[in-house]
Amino acid sequence: MDYQDSSDGAGYAANRVRTLGFPSFTRVSPGRRQLHQAMVGPYASLDEAEKMQRRLARSGFATPRIFVDESLRNAPRNEIKSQDAEGNPNVLLIGA
């Protein structure tokens with residue numbers, strides 16, 4: 001599969017997920033191969049992501065996988081001095 005083929009396939013999968021009523025978008029994977037991927041989400045908890053993973057599998061997506069975006073953990077934080085401002089949220093996405 002070349003770069004263009006992965007773009008077409010990812011776009012098709014993202015559109016199909018949207019027709020099911022779920023948020024979806026495409027992205028280019030990091031790394032040397034840089035394939036296009038369809039992503040579903042984001043979800044705030046692993047439980048939500050796992051439920052969506054099962055729904056996608058029942059809807060005919062053969063191998064949906066959970067992707068945890070760790071980049072937000074390392075994002076610069078605002079200088080807020082509050083007990084509520086500890087840490088940054090995780091973002092969970094489903095690759096379809």
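What you see is a predicted model; the values in this text were computed from it and never measured.
At least one donor-acceptor pair under 3.5 Å links the side chain of Gln53 to the backbone N or O of Pro64.
In this structure the side chain of Arg55 never reaches within 4.5 angstrom of the side chain of Lys51, judged on heavy atoms.
Interatomic distance, Leu35 CG to Thr26 OG1, rounded to the nearest 0.5 Å: 12.5 Å.
Ala13 approaches Ala38 most closely through the heavy-atom pair CB-CB, 3.8 Å. Taking both residues in full, the closest heavy atoms of Ala44 and Glu48 are given as N-OE1, 3.0 Å, listed atom of the first, atom of the second, then distance.
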Give every donor-acceptor pair under 3.5 Å between a side-chain atom in residues 15-24 and any protein atom, sequence neighbours left out.
residue	atom	partner	partner atom	Å
Asn15	OD1	Arg18	NH2	2.3
Asn15	ND2	Gly11	O	3.3
Arg16	NH2	Ser59	O	2.7
Arg18	NH1	Ser24	O	2.8
Thr19	OG1	Arg16	O	2.6
Ser24	OG	Met39	O	2.9

Verdict with reasoning, Glu50 to Arg54, per side chain to side chain contact (heavy atoms under 4.5 Å, CB included)
CA-CA 6 Å; Glu50 288 172 339; Arg54 289 189 294 273; 3.8 Å; yes
